[in-house]
Amino acid sequence: MALLKKDENAFNTKSASKPFTFALVGNPNCGKTTLFNALTGLRQKIANYPGVTIEKKVGFFYNLHGEKCQLIDLPGTYSLLPNSPDEKITTEVLLGLREDTPKPDAVICIVDATNLERSLYLVSQILELDIPVIVALNMIDELAAKGWEVDFKALSQRLNCPVVPCQANTKSGTVPLKTVLTKEMARSKPFVLNYPDFIEEEIVILEGLLQLHNRKPVERMVLVLILISPDPVEAAKLFQLDFLAETVKSSQEKIEKINPSWRDLVVRKRYNALQNLLKGTVKKGGQLSRGFSDMIDRYVAHPFWGWLIFSLAMGLMFLAVFGMGSYPKDWIDESIRKIAQKFQEFFPPGELRDLICQGIIGGVGNVVVFLPQILVLFFFIGLLEDTGYMARAAFLMDKLMNAVGLHGKSFLPILSSHACAIPGILSARTIDNPKDRLLTILIAPFASCSARLPVYVLMCGILFSGSAHPVLWSSLTIFFLYFLGIGGAFFFAWVFKNTFFKGRRPFLLLELPPYRRPSIKSIGLQMYERSLAFLKRAGTIIVSVSILLWFLTSHPRLQGESSSQALAHSFAANIGHFIEPVIKPLGFNWKIGVGLLSAQAAREMFVSTMGIIYTGEETKEDILPLTQAMSNDLWPDGRKVFSPLSCLSLMIYFAFSLQCLSTVAVVRRETGSWKWAAFQFAYMTSFAYICSFIFYQLGLLLGFS
Amino acid sequence: MKKNGKAERKSAISLAEARVGSIFYVHSIEGNAVECHRLRELGFCEKAEVVKIAHGAMTVCLVCGSKLGLNKWLAKRIFVTAAKKDSAL
């Protein structure tokens with residue numbers, strides 16, 4: 001066994017200032033990011049379902065000698081032969097194939113202690129790469145709860161690498177792990193599996209071909225991976241050994257003739273070797289199933305009870321958004337108006353007072369009031385993620401999604417898009433088929449993101465202000481709008497699948513995480529991160545655009561003119577009047593038009609713009625609540641601008657349109673082309689316009705107002 | 001030997017049809033090479049033990065100690081034979 005000190009031999013090419021690099025690898029949902037957070041003190045998102053980490057994350061920690069070490073958290077994978085873009089990142093980093101990431105000096109393989117056989121499949125492949133490996137045996141609390149025992153020392157001897165038990169969520173075991181990481185890093189004795197002669201012969205041929213091309217020797221495991229790959233061209237390209245592709249193809253044909261089920265044999269051999277290795281190291285109880293968890297699964301997977309549970313969970317979530325969120329919202333709203341009034345009293349009339357009261361407070365304040373409702377939404381999403389229900393919900397939706405040609409795995413990106421389309425689009429990386437992935441990216445922004453919520457809440461406030469049950473009606477309306485978004489996504493998925501994304505029917509296979517008691521700390525942390533991001537956005541983009549909008553809505557101003565007089569001939573009014581003929585058939589006036597234009601930067605800017613326009617219009621010192629000011633607005637013929645029909649038309653427009661520049665930029669990055677980003681923007685905006693137009697005009701024809 | 005193999009293939013049923021609460025052995029998998037390889041890597045190798053836990057919107061089974069959910073379409077492509085053991089649940 002070759003012992004390598006961190007500053008010697010294999011690592012002596014590294015400069016002293018460069019930190020020692022560890023990669024954190026493991027199966028999806030085995031606690032990699034939890035351990036990453038525990039070691040680095042960072043707060044990366046964690047949740048109880050597979051596929052949360054879709055990109056490598058880098059953090060630093062200090063070992064027990066006080067040396068700075070770099071830790072790379074990698075997306076979860078079951079094998080070194082990747083199946084999706086996120087898994088590809090893991091393989092590339094481990095083999096040092098990425099220019100932007102140093103090849104790790106050692107690998108920390110995090111393993112679910114309750115699921116050793118499956119987890120060690122990947123570990124055994126990494127051990128064959130002949131780099132120092134440390135196995136962190138996570139979730140030992142769940143192991144103990146099952147009454148199972150693992151002989152860590154025996155396992156360490158058999159794997160020929162350190163094995164450290166830990167419980168990442170409580171940070172237990174991190175000190176022993178750091179102790180191991182501080183010691184000399186030993187190259188694990190290569191774990192080599194020998195295959196039948198007819199396979200070994202082909203591996204030798206590939207090794208010979210490498211020599212022939214004067215290439216430096218690669219790990220035997222890499223050659224095995226290319227050889228067993230169902231797509232050798234793609235695999236050879238991934239490992240940067242393109243010249244092997246043709247030889248591998250003919251090798252596969254030769255092997256196929258000798259033993260048609262040779263791929264099964266290769267995988268089975270590894271599992272058999274692992275079963276033998278584990279013999280005597282794990283003491284299991286007599287329990288084969290997981291009792292209570294299995295019973296819940298029978299109800300959650302049930303065609304009737306499953307849907308009932310899903311509908312109740314969603315219904316409860318939307319009721320809570322209004323029920324729980326409306327009180328703090330009203331309180332913040334009242335406080336902001338009081339602050340604005342104080343400024344009105346404190347400053348003499350003039351540009352500065354208008355800028356503060358109308359531009360900044362009117363713009364940002366009207367967005368910030370929605371923070372409590374967004375937080376309640378994230379609290380519920382966090383609850384569903386932490387309990388382990390998300391993966392089950394994916395299966396409930398699968399049948400429905402398959403009917404429109406969507407991949408079952410698209411459910412998680414679509415669901416994530418309900419918080420924000422950007423992480424939703426990024427999480428489409430877990431989908432292996434490129435066509436299905438692109439399809440998911442194209443339809444994901446239909447999911448009603450949290451930026452739409454302020455617009456919906458504002459419109460519901462106007463619609464149901466006189467109702468006896470505003471909370472109930474608002475909840476039902478928003479529940480309907482969320483379904484409308486999903487409906488739009490499904491409709492276009494069906495259209496695209498039957499036109500330019502024709503392909504095989506996708507299958508869904510997910511590892512079901514155990515049901516766990518949700519961690520309030522983890523949910524709280526997510527809520528904190530979200531509110532920080534929301535307030536940061538309010539303090540940067542929204543405040544800048546609000547100031548610009550205030551200027552456009554209040555200038556040019558003649559001397560002695562009131563705010564509402566200035567607004568009537570302002571720059572914004574000119575722009576609004578210019579586009580009014582296009583939007584009038586949807587029931588929108590020029591002020592809404594200005595709101596729609598500003599919402600292209602970010603959807604919540606619509607609320608902010610309404611705040612600036614309608615607080616700017618008030619001539620009295622008393623500042624009205626925004627909903628009241630908007631309700632009072634009239635068309636020249638005396639009709640209400642914000643009638644029930646136009647409010648609903650506006651909500652429909654927001655449900656379907658793509659109004660987020662960041663989303664457009666992310667789609668361009670993920671698809672690698674402006675073509676798809678532009679196509680998505682065009683079709684979603686056109687569809688939103690057509691739907692609002694039909695709804696409003698049909699409503700008028702039927703006698704509604 | 002060949003006769004036994006044929007008899008075994010006849011007795012194989014898809015995982016979708018398999019009885020909830022029983023233990024089975026994987027007999028074979030149908031589908032394209034990429035999907036079959038991923039299934040094998042997840043533990044659905046020939047002769048691997050599978051416990052079927054639930055059936056409905058998804059088929060839930062226990063393979064290599066981990067709980068996997070499969071959609072109906074996929075469960076129809078995994079063929080299993082009954083293990084000579086009593087119910088696992």
Side-chain angles (χ1 to χ4, degrees), chain A residues 27 78-79 81 83 112 114-119 121-122 228-231 261 263-268 270-272 274 284 288-291 293-295 297-307 391-392 394-399 402 408 432 504-514, chain B residues 5 9 15-16 20-79 83 85-89:
Chain A
N27 287 173
Y78 292 106
S79 161
L81 199 61
N83 238 24
D112 178 353
T114 63
N115 189 4
L116 273 180
E117 200 179 318
R118 157 75 48 71
S119 310
Y121 184 88
L122 173 70
I228 64 167
S229 169
D231 187 351
S261 58
R263 280 203 179 89
D264 189 273
L265 182 87
V266 170
V267 178
R268 194 154 26 102
R270 188 170 295 274
Y271 269 119
N272 288 344
L274 291 172
K284 289 184 183 179
L288 260 171
S289 66
R290 301 180 193 193
S293 167
D294 293 346
M295 191 194 76
D297 274 337
R298 264 172 249 142
Y299 283 101
V300 167
H302 195 273
F304 172 74
W305 294 114
W307 277 107
R392 275 86 179 173
F395 280 97
L396 269 181
M397 298 297 285
D398 180 64
K399 204 174 175 183
N402 264 212
D432 41 0
R504 285 167 51 80
R505 192 177 176 186
F507 72 84
L508 180 63
L509 172 68
L510 278 179
E511 187 163 353
L512 299 176
Chain B
R9 178 71 182 89
L15 194 57
V20 170
S22 300
I23 307 173
F24 300 92
Y25 291 130
V26 175
H27 177 273
S28 53
I29 314 166
E30 277 179 7
N32 76 28
V34 176
E35 292 164 358
C36 288
H37 189 70
R38 179 39 56 113
L39 280 170
R40 285 185 196 113
E41 288 196 312
L42 282 168
F44 287 98
C45 297
E46 203 179 310
K47 290 175 191 163
E49 199 175 89
V50 180
V51 182
K52 186 162 170 180
I53 293 170
H55 186 75
M58 60 178 164
T59 296
V60 183
C61 60
L62 208 61
V63 183
C64 283
S66 59
K67 203 187 239 186
L68 292 175
L70 307 96
N71 66 4
K72 202 175 176 182
W73 184 68
L74 187 59
K76 276 182 179 174
R77 289 168 36 198
I78 299 170
F79 291 90
K85 287 182 188 175
D86 290 328
S87 171
L89 302 178

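Convention: sequence-line order gives letters A, B, ...; per-chain numbering from 1.
Looking at A/D264, its side chain does come within 3.5 Å of a backbone N or O of B/E46 through a donor-acceptor pair.
One finds the CE atom of B/M58 at 12.5 Å from the NE2 atom of A/H302 (value rounded to the nearest 0.5 Å). Rounding to the nearest 0.5 Å places CG of B/N71 at 4.5 Å from CG of A/D398. Put simply, CG on A/L508 and OG1 on B/T59 are 11.0 Å apart, with the number rounded to the nearest 0.5 Å. With rounding to the nearest 0.5 angstrom, the CD atom of B/E41 is 7.5 Å from the OH atom of A/Y271.
The shortest side-chain heavy-atom distance between B/R38 and A/Y78 falls under the 4.5 Å cut-off. Taking 4.5 Å as the limit, some side-chain heavy atom of B/K67 sits within range of a side-chain heavy atom of A/D294. For the pair A/V267/B/H37, a side-chain contact is recorded, criterion being any heavy-atom separation below 4.5 Å from C-beta on.
Applying the 6.0 Å contact sphere to CH2 of A/W305 captures no more than 12 heavy atoms from other residues, nucleotides or ligands.
Both the backbone and the side chain of A/I228 come within less than 4.5 Å of a heavy atom of chain B. With a threshold of 4.5 angstrom between heavy atoms, A/L81 approaches chain B through its backbone and through its side chain. Using a 4.5 Å cut-off between heavy atoms, A/R270 does not touch chain B at all.
Among the candidates B/A48, B/A54, B/C64, the residue making the largest number of heavy-atom pairs closer than 4.5 Å to chain A is B/C64. Chain B forms more heavy-atom pairs under 4.5 Å with one residue of A/R392, A/R263, A/R268 than with any other, namely A/R268.
The minimum heavy-atom distance linking B/S66 with A/N115 is given by the pair CB-ND2, 2.8 Å.
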